[in-house]
Amino acid sequence: MATSESNFNEDIKKDFYIPTYILSEDASRSDDVKLPDVPTCPVLVFINSKSGGQLGGDLLNTYQSLLNKYQVFDLGKETPDSVLRRLYLNLEKLKSNGDKFAAKLEERLRIIVAGGDGTAGWLLGVVSDLKLSQPPPIATVPLGTGNNLPFSFGWGKKNPGTDQNSVISFLKKVMDAKEMKIDSWHILMRMRAPKEGCCDPIAPLELPHSLHAFHRVSPSDDLNVEGCHTFRGGFWNYFSMGMDAQVSYAFHSERKMHPEKFKNQLVNQSTYARLGCTQGWFFASLVHPSSRNIAQLAKVKIMKKHGEWQDLDIPPSIRSIVCLNLPSFSGGLNPWGTPNSNKRRDRDLTPPYVDDGLIEVVGFRNAWHGMVLLAPNGHGTRLAQAHRIRFEFHKGAADHTFMRIDGEPWKQPLPVDDDTVVVEIAHLGQVKMLATHDCRSKSVHDPSGHVNHDCDDGDSDGEEDDSVVEEQRKFGAADTFKIPEEVDISHIS
């Protein structure tokens, strides 16, 4: 039995183990584990121990028992940017001293991150920011409520098992996974500073962790005036605005007040559904003022070709708008679907590829409209695909709306006089993800991912008659997700 366990441990080391001296220049080689060859799939593991109730802590213990405890990190104790900076500085020193083991390990290195979509986005932001010469691809363990990122790349959406067998099974999937690139999106928000309060964040505004004050603005910007604040950040999954974000805001507010009630994924999802009812999302025409519908709140513009803005007509009944990067929203639903050949020809629409530099813009009237996503080929109201989208809010009947980025919602004040609030989304770059071979995300460069566009003949979004059919410590990359210095932002208003 002891021999069998010894062989088992040797297999884990052979495939996934990272020697301590690789992780830190202060580590002693004499006490380190000796490996005859470079591991097949060396992994750095980052775990949000506060995610998934007790699951995050249990998962942390299991990974540390299987691997070198120094290659498994609790995000509540050490930030990923500090870990990666230390590791890559050490790798450079080792390589300059002729350490071929270190060079080969860097080529094979992969990252595992366990947590919600916000935690996964944090890691993606850090890897993007650091501009590593060989950025490692990232696998995501679903420990949140929505788990859209893991689900999009084949890692599931249910909280995983935390025992040794479950973890080993996941590690083997990571070793067999394929690399995929994913678009990243830059978001800019500009608003007049409040008469009282500071800039970062604007009191009493609680912005997502990926949005922070940014003072580099273009001199030609017509909003670059005294008293205006600019916030910039990024996202990988979605930006949404309107009633769905309002429900999300209610959920997060309740969880913040009573965290002890939100330790079970099924309970969280049922609470979310209950709030959808109490917030009026199912009976929006009765309880939701039309002044808060998207068309009444904002003027929307899109850019399909560089430098060419065009107005986007939003049906007056649309109460929620979603800008999608991935084919997974609200726990695994696909609001864009797959346009048939007629839509592709007449409206120049394509399937939702994750690396084509396009963001999909979808609208919903209410929760009943959203439920069409549960039907085969169901989708929301397809509004546009674009490289850039801009929302301009002027004084109107509403003094606020709700927005969210990758699951992080906030209550956004709107102008009360002649000011303007601007939200602009633009393509920024790409990062590498790890995906199982049967994942739902498709690459524009993968011929096997090009599906038959005629599969969506049953149109359920009401695009033609939509105006008539009215009813039937902080986690995030806040300290690290900065717009790179070499990125020219002078053209971004």
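Just the heavy atoms: all of them, side chains too, but no hydrogens, waters or symmetry mates, feed the values below. Count residues from 1 along the sequence.
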Expected output: side-chain Asp99 to main-chain Lys95 donor-acceptor under 3.5 Å: no
To the nearest 0.5 Å, how far apart are CZ in Phe402 and CD in Gln246? 4.5 Å
Member of Thr162, Val72, Asn68, Val43 meeting the side chain to side chain contact (heavy atoms under 4.5 Å, CB included) criterion with Tyr63: Val72
Could you grab the distance from atom CH2 of Trp410 to atom OG1 of Thr401, nearest 0.5 Å is fine? 10.0 Å
Does the side chain of Ser24 come under 3.5 Å of the side chain of Asn90 through a donor N or O and an acceptor N or O? no
Show your reasoning for whether salt bridge (Lys or Arg N to Asp or Glu O under 4.0 Å) applies to Arg232 and Glu424. CA-CA 10 Å; Arg232 300 184 189 275; Glu424 186 173 314; over 6 Å; no
Is the NZ atom of Lys432 crowded by more than 12 outside heavy atoms at less than 6.0 Å? yes
Donor-acceptor contact below 3.5 Å, side chain Glu392 vs main chain Val421: no
Taking atom OH as the centre, does Tyr70 end up with more than 12 heavy-atom neighbours from other residues, nucleotides or ligands that are less than 6.0 angstrom away? no
Centroid-to-centroid, Trp155 to Phe170, below 6.0 Å? yes
Are Arg108 and Val38 close enough that some pair of their side-chain heavy atoms sits under 4.5 Å apart? yes
Which class fits the ring pair Trp185 and Phe235: parallel under 30°, tilted 30 to 60°, perpendicular over 60°? parallel
Would a distance-only check, ignoring hydrogens and angles, find a side-chain to backbone donor-acceptor pair under 3.5 Å from Arg440 to Gly154? no
Under 3.5 Å, is there a donor on one side chain and an acceptor on the other for Ser82 and Thr79? yes
Closest heavy-atom contact between Ile22 and Leu87? O-CD1, 3.4 Å
Separation between OG (Ser443) and NZ (Lys181), nearest 0.5 Å, reads 9.5 Å
Using modelled atom types and a 3.5 Å cut-off, is there a donor and acceptor pairing between side-chain atoms of Asp406 and backbone atoms of Trp236? yes
Least distance between heavy atoms, Pro137 atom then Glu179 atom: CG-OE2, 3.6 Å
Inspect the surroundings of NZ in Lys178 and state if more than 12 heavy atoms from other residues, nucleotides or ligands are less than 6.0 Å away. yes
Side chains of Val174 and Cys41 in contact at under 4.5 Å (non-hydrogen atoms): yes
Given side chains that start at C-beta, do those of Val422 and Phe393 come closer than 4.5 Å, heavy atoms only? no
Pair Ile112, Leu171 - check side chain to side chain contact (heavy atoms under 4.5 Å, CB included), show working. CA-CA 9 Å; Ile112 296 173; Leu171 284 169; 3.7 Å; yes
Spacing of SG belonging to Cys323 relative to CZ belonging to Phe239, to within rounding of 0.5 Å: 6.0 Å
Measure the spacing between CG of Leu66 and OH of Tyr17 and express it to the nearest 0.5 Å. 12.0 Å
To the nearest 0.5 Å, atom CG of Leu358 lies from atom NZ of Lys304 at 9.0 Å
If you measure only the distance, is there a donor-acceptor pair under 3.5 Å linking the side chains of Gln385 and Thr350? yes
Is a donor on one side and an acceptor on the other found under 3.5 Å between the side chain of Asn147 and the backbone of Pro150? no
Looking at Val444, is its backbone amide N or carbonyl O close enough to the side chain of Asp356 to form a donor-acceptor pair, meaning the two atoms are under 3.5 Å apart? no
Between Ser51 (side chain) and Gly144 (backbone), is there a donor-acceptor pair under 3.5 Å? no
With the threshold set at 4.0 Å, does a side-chain nitrogen-carboxylate oxygen contact exist between Lys172 and Asp176? no
Between Pro80 and Phe46, which heavy-atom pair has the shortest distance, and what is it? CA-CE2, 3.8 Å
Cation-pi geometry met for Lys442 and Tyr353 (6.0 Å, 45°): no
Look only at the side chain of Asp183 and the backbone of Gly357, and say whether a donor-acceptor pair between them is shorter than 3.5 Å. yes
